[in-house]
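Just so it is clear, the model here is predicted, and its values are computed rather than measured. Start at 1 and go down the list; that is how both ligands and their atoms are numbered.
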Amino acid sequence: GQTETNPGATALLLDNIKTPIRTESFKELYNVIPGKELGRGKFAIVKRCMEKSTGTEYAAKFLKKRRKGQDCRVEVLHEIAVLELTNTSHRIINLHQVYETLTEMVLVLEYAAGGEVFNQCVAERDEAFSQEEVKWLMRQILEGVAFLHRNNIVHLDLKPQNILLTSACPLGDIKIVDFGLSRRLCQNQELREIMGTPEYVAPEILNYEPISTATDMCIGVLAYMMLTGTSPFLGEDKQETFLNISQINIDYTENGLQDLSAIHFIQSLLIKEPKSRATAEECLRHHWLQEQAQKKTEDNITSEICQWEHAKPAPPSLSSEEEGP
Ligand SMILES: Cc1cnc(Nc2ccc(CC#N)cc2)nc1Nc1cc(C2CC2)[nH]n1
């Protein structure tokens, strides 16, 4: 449940949804591609499908409207509204169409063929990501998270299973998915909810303290996992995992963590106090993520100085009565 000081502005985004909610039969317009489902949750299943009229592939997310005897249609409308609000960002999965039946809503979403970043995190080290690939992926993830935070949306379930790739080999672009747990942050509203996946939740979630955009900055765990292949806080059981998170028990001597700049980047995120964590914008400026250090040749230093000179504000123009130099 959530406690909020001003029930008026809910944490759910329910602005007028523009996407038509179609009542035609989904199966008349799409072929479900047989095979293992792409993803499965308690109240959702995701299947690969093809739009008959265009032959285009999509991922259809079938969401139950009733959960534990409760009508949860509003939660689905929230997920649709967030996907609409974010449809201009290439870092966030795109919503194509919505269908509704008596018991379900069907979100027809962009298909990301490369699958979950998670699979390559835990792959054998030779198939794992190189340092340069991790930087490429982290920049894109941070661009998507910065976009969400500029729109006062917190994702609250940013785990490697919810970061997809358009292509695994060659390494493509990332797409952030699953806004089922996301919330809109309102100015004077405190939001406290226990949620998310144990090994990836932020300390304030465990202590039932206010949620903020900083709660999403546990993507430091993502960077750690992509570099080392291991989940930093995972313990033998939930209790141990929660203890590791609330005490920020993390081992930086893990293999794959040689680069001090990478360690500094992760340390600026995995901090107990939310206000002390780097923001997504600050992370994008962190030296670990700047272009791979190309050697500075004479001429591009000169050109940098020229640009800097031109960028400086022009000296105040001398008015007539003042003596020129
Ligand atoms: C090839 C593929 C493989 N595995 C998953 N897993 C997965 C992860 C999280 C969620 C949770 C959600 N939402 C659903 C599936 N998605 C894939 N493609 C998708 C999946 C999608 C949209 C997001 C469903 N587009 N392309």
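- The protein non-hydrogen atom at the shortest distance from atom 4 (N) of ligand 1 is L38 O, 3.6 Å.
- Remark: R48 does not engage E37 in a salt bridge, criterion side-chain N to carboxylate O under 4.0 Å.
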> Can you check side chain to side chain contact (heavy atoms under 4.5 Å, CB included) on L95 and N87, steps first, answer last?
Replying inline: CA-CA 7 Å; L95 176 65; N87 72 353; over 6 Å; no
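- If you number the atoms of ligand 1 from 1 as listed, the ones under 4.0 Å from a heavy atom of V177 come out as 9 (C), 23 (C).
- Protein heavy atom nearest atom 7 (C) of ligand 1, with residue, atom name and distance: E116 OE2, 3.5 Å.
- Separation of the F62 and F26 ring centroids falls under the 6.0 Å cut-off.
- Not a single N or O atom of N162, backbone or side chain, sits closer than 3.5 Å to an N or O atom of ligand 1.
- In this structure, R22 places its CZ atom where more than 12 heavy-atom neighbours from other residues, nucleotides or ligands lie under 6.0 Å away.
- What you find for E116 and L38 is that their closest heavy atoms are OE2-O, 4.3 Å.
- Protein heavy atom nearest atom 14 (C) of ligand 1, with residue, atom name and distance: V46 CG2, 3.8 Å.
- For ligand 1, none of its N or O atoms has an N or O atom of G114 under 3.5 Å away.
- Nearest non-hydrogen protein atom to atom 20 (C) of ligand 1 is L164 CD1, 3.3 Å.
- Protein heavy atom in closest approach to atom 17 (C) of ligand 1: A112 O, 3.8 Å.
- Only side-chain heavy atoms of A59 come within less than 4.0 Å of ligand 1; its backbone N, CA, C and O stay farther off.
- Relative ring orientation between W288 and F265 is described as tilted, the plane-to-plane angle lying within the 30° to 60° band.
- When hydrogens are left out, the protein atom nearest atom 25 (N) of ligand 1 is E110 O, 2.8 Å; that is the closest non-hydrogen contact.
- Annotation: G39 places no N or O atom under 3.5 Å from an N or O atom of ligand 1; distance criterion only.
- The side-chain heavy atoms of Q267 and Y252, taken from C-beta on, include a pair separated by under 4.5 Å.
- Nearest to atom 2 (C) of ligand 1 among the protein's heavy atoms is G115 CA, 3.6 Å.
- Compare K36, K61, Q161 by their heavy atoms: the one nearest to atom 9 (C) of ligand 1 is in Q161.
- Donor-acceptor pairing under 3.5 Å is recorded for the side chains of H149 and D216.
- Counting non-hydrogen atoms of neighbouring residues, nucleotides and ligands closer than 6.0 angstrom, the NZ atom of K68 reaches no more than 12 such neighbours.
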